[in-house]
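Everything numeric here is computed off the predicted structure, so don't read it as measured data. Order of the sequence lines fixes the chain letters, A, B, ..., with proteins taken first and strands second; residue numbering starts at 1 for each chain.
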Amino acid sequence: AQKVTQAQTEISVVEKEDVTLDCVYETRDTTYYLFWYKQPPSGELVFLIRRNSFDEQNEISGRYSWNFQKSTSSFNFTITASQVVDSAVYFCALSEAEAAGNKLTFGGGTRVLVKP
Amino acid sequence: DAGVIQSPRHEVTEMGQEVTLRCKPISGHNSLFWYRQTMMRGLELLIYFNNNVPIDDSGMPEDRFSAKMPNASFSTLKIQPSEPRDSAVYFCASSLTAENSPLHFGNGTRLTVT
């Protein structure tokens, strides 16, 4: 069965600091997809990125970057030069290709608090 | 484009009452998911539909929970009778069936059962 672990429950940083969120996953499938979602204080879940298991290239989008390492089953997320608006709960999630549909298994989330 | 629309945003009810949560997926999306979020258990998948057909309801906690999708643009999640432990935020999400399609979530319904 699949499992996603986000060991950090809460991280507090001062604005402009970098923050890295860890995500470790378990799956028996060779084809799978990894996602990050953001949940701001308003409560909605916002899709940030998806990555398939065959693409280990790191990705950068503005201040966000993702480091996928298959060898360690990790898909870490870094926010560079954090801002107060980055304060949110961030969820890592896994979808297995062999499972019907796109159902996601979520990690427990990491709460990021960016202080001014 | 309109996203996933859920109603109501907040629901407060007394134990034993029936509760119905509603969801309108994004037009063209053929997969629909109901998730529940609690502090203790995080985000849990309750049930999902593909082309209006329930595919996996193994996450539905008890027979008190039921979900329907009568057409491609509407789904309901019903709890009857409700209990205090059902208090949670219930999210509906939709996606295309393609394997790498992300789920798009609604704003959720915060349910409080007193």
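Atom CG of B:Asn71 is surrounded by more than 12 heavy atoms from other residues, nucleotides or ligands within 6.0 Å. In A:Lys70, the NZ atom is crowded: over 12 heavy atoms of neighbouring residues, nucleotides or ligands sit closer than 6.0 Å. For B:Glu62, the CD atom is densely surrounded, since the number of other residues' heavy atoms within 6.0 Å is greater than 12. Environment of NZ in A:Lys38: crowded, with over 12 heavy atoms of neighbouring residues, nucleotides or ligands closer than 6.0 Å. No more than 12 heavy atoms of other residues, nucleotides or ligands shown are found within 6.0 angstrom of CZ on A:Arg111.
In this structure, A:Tyr33 and B:Pro102 have side chains that are not in contact, with every pair of non-hydrogen atoms separated by 4.5 Å or more. Side-chain contact between B:Asn107 and A:Leu45 is absent, with no heavy atoms from C-beta onward closer than 4.5 Å. Side-chain contact between B:Leu103 and A:Tyr37 is present, with heavy atoms from C-beta onward closer than 4.5 Å.
Heavy atoms of B:Tyr35 lying under 4.5 Å from chain A belong exclusively to its side chain. Neither the backbone nor the side chain of A:Gln6 comes within less than 4.5 Å of any heavy atom in chain B.
Linking Ile, Leu, Val, Met, Phe, Trp and Tyr whenever their side-chain heavy atoms come within less than 4.5 Å leaves A:Leu94 and A:Phe91 in two separate clusters.
Taking the six-membered ring for Trp and the full ring otherwise, the centers of B:Phe105 and A:Phe47 sit at least 6.0 Å from each other.
Interface remark: of the candidates B:Arg41, B:Arg110, B:Gln37, B:His104, B:Gln37 forms the most heavy-atom pairs closer than 4.5 Å to chain A.
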